[in-house]
Asks: 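Below is the structure I would like to discuss, written out as structure tokens.
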Amino acid sequence: MRGVHDEPISTDLPHSPIAGFDLDMASYGLVKVIRRDHTDPASAYRWEPKRSIHAVARHNRARCDQRHAPSAFTNHGGS
């Protein structure tokens with residue numbers, strides 16, 4: 001998928017419950033980085049999937065299904 005960042009997590013752009021400090025909003029990451037203490041950049045973090053990761057998964061699943069679907073041009077034993 002073009003335009004999707006190649007790293008699914010951006011630890012340097014953490015989520016904040018305060019909208020003005022929510023750097024995750026500008027992140028291309030596919031998961032939301034949530035710091036234990038949103039005021040301390042060195043604090044431990046966890047992550048949660050964003051809605052975008054599900055959209056990428058649907059796109060990839062559809063592409064995979066297209067590649068493995070029988071083609072109308074495949075010879076199925078006929079002459």
Side-chain angles (χ1 to χ4, degrees):
M1 190 172 193
R2 292 183 185 177
V4 174
H5 196 271
D6 60 349
E7 293 185 29
I9 187 168
S10 298
T11 57
D12 57 335
L13 298 171
H15 169 75
S16 172
I18 303 168
F21 295 98
D22 189 2
L23 301 176
D24 180 61
M25 278 196 243
S27 165
Y28 287 109
L30 297 177
V31 297
K32 181 189 307 187
V33 174
I34 302 170
R35 296 253 179 228
R36 182 173 295 152
D37 176 0
H38 71 274
T39 62
D40 179 9
S43 71
Y45 65 87
R46 62 184 172 80
W47 61 268
E48 294 178 0
K50 292 183 182 180
R51 287 186 299 185
S52 59
I53 199 167
H54 301 293
V56 171
R58 281 191 306 274
H59 169 80
N60 290 341
R61 191 175 310 116
R63 294 283 304 214
C64 183
D65 291 346
Q66 286 174 351
R67 288 187 198 156
H68 297 293
S71 170
F73 301 106
T74 303
N75 183 352
H76 295 287
S79 47

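Since the structure is predicted, the reported quantities are computational estimates derived from the model, not experimental observations.
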Asks: According to side-chain hydrogen bond (donor to acceptor under 3.5 Å, both in side chains), who are the partners of Asp37, at least two apart in sequence or on a separate chain?
Replies: Thr39
Asks: Keeping the roles fixed (side chain from Arg36, backbone from Ser43), state whether a donor-acceptor pair exists under 3.5 Å.
Replies: no
Asks: Give, for atom CZ of Arg63 and atom CZ of Arg58, the distance between the pair rounded to the nearest 0.5 Å.
Replies: 16.0 Å
Asks: I need the minimum non-hydrogen distance between Ser16 and His38, along with the two atoms involved.
Replies: OG-CD2, 3.6 Å
Asks: Only pairs at least two apart or in different chains count here, so list each salt bridge (charged side-chain N to carboxylate O under 4.0 Å, His left out) that has a residue in residues 14-24.
Replies: Asp24-Lys50
Asks: Does the Arg35 side chain pair with the main chain of Thr11, one donor and one acceptor, at a distance under 3.5 Å?
Replies: yes
Asks: Between Leu13 and Val31, is there shared hydrophobic-cluster membership here, with clusters defined by ILVMFWY side-chain heavy atoms closer than 4.5 Å?
Replies: no
Asks: Grab the two heavy atoms, one from Asp12 and one from Leu23, that are nearest each other, plus how far apart they are.
Replies: O-CD1, 4.3 Å
Asks: Taking only residues two or more places apart in sequence, or in another chain, which ones meet Arg61 in a side-chain hydrogen bond (donor to acceptor under 3.5 Å, both in side chains)?
Replies: none
Asks: Do Pro49 and Leu30 have side-chain heavy atoms sitting under 4.5 Å apart?
Replies: no
Asks: To check you understand the geometry: which heavy-atom pair defines the closest contact between Ser27 and Ser10, and what is its length?
Replies: OG-OG, 3.4 Å
Asks: Honestly curious: do Met25 and Trp47 fall in one hydrophobic cluster under the side-chain, below-4.5 Å linking rule?
Replies: no
